[in-house]
Amino acid sequence: MEKLIGGVFYIMPLIFAFGFMAPVMAQAIHAIGWLPPFGLSPLAFSAIVCGAWGLVAQFWRRWI
């Protein structure tokens with residue numbers, strides 16, 4: 001059980017990026033009426049940007 005909880009906390013930056021940040025960013029993009037590049041949907045663009053930011057936070061252990 002301790003390993004399971006430790007594993008979840010280990011990938012928490014990615015869970016936060018995809019589960020919270022990406023949908024919020026997609027809603028903000030939709031609210032301001034901005035169209036993402038390359039014909040991507042707001043959610044796909046947000047998942048790419050927030051996923052990259054989550055990976056940075058995962059490897060360097062900080063968001064900023």
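One finds the NZ atom of Lys3 at 13.5 Å from the OH atom of Tyr10 (value rounded to the nearest 0.5 Å).
Residue Leu14 comes nearest to Gly54 through the heavy atom pair CD2-C, 3.6 Å, listed as atom of the first residue, atom of the second, then distance. The nearest pair of heavy atoms linking Gln58 to Ile11 is OE1-CA, 3.6 Å. Nearest heavy-atom pair across Ala17 and Cys50 is CB-O, 3.2 Å.
The shortest distance between side-chain heavy atoms of Phe45 and Trp34 falls below 4.5 Å. With contacts defined as side-chain heavy-atom distances shorter than 4.5 Å, the pair Ile48/Leu40 qualifies.
There is a path of hydrophobic side-chain contacts, each under 4.5 Å, that joins Val8 to Met1. One hydrophobic cluster holds both Phe20 and Trp53 under the rule that ILVMFWY side chains link at heavy-atom gaps under 4.5 Å. Residues Ile32 and Met25 share a single hydrophobic cluster, defined by chaining ILVMFWY side chains whose heavy atoms lie under 4.5 Å apart. Under a hydrophobic-cluster definition in which Ile, Leu, Val, Met, Phe, Trp and Tyr are linked whenever side-chain heavy atoms come within less than 4.5 Å, directly or via other members, Val49 and Leu55 are assigned to different clusters. Hydrophobic clustering of Ile, Leu, Val, Met, Phe, Trp and Tyr side chains at less than 4.5 Å, counting indirect connections, unites Ile5 with Ile15.
Within a 6.0 Å sphere centred on CH2 of Trp60, other residues, nucleotides and ligands contribute 12 heavy atoms or fewer.
Judged purely by atom type and a 3.5 angstrom limit, Gln27 has no side-chain atom pairing as donor or acceptor with the backbone of Leu43.
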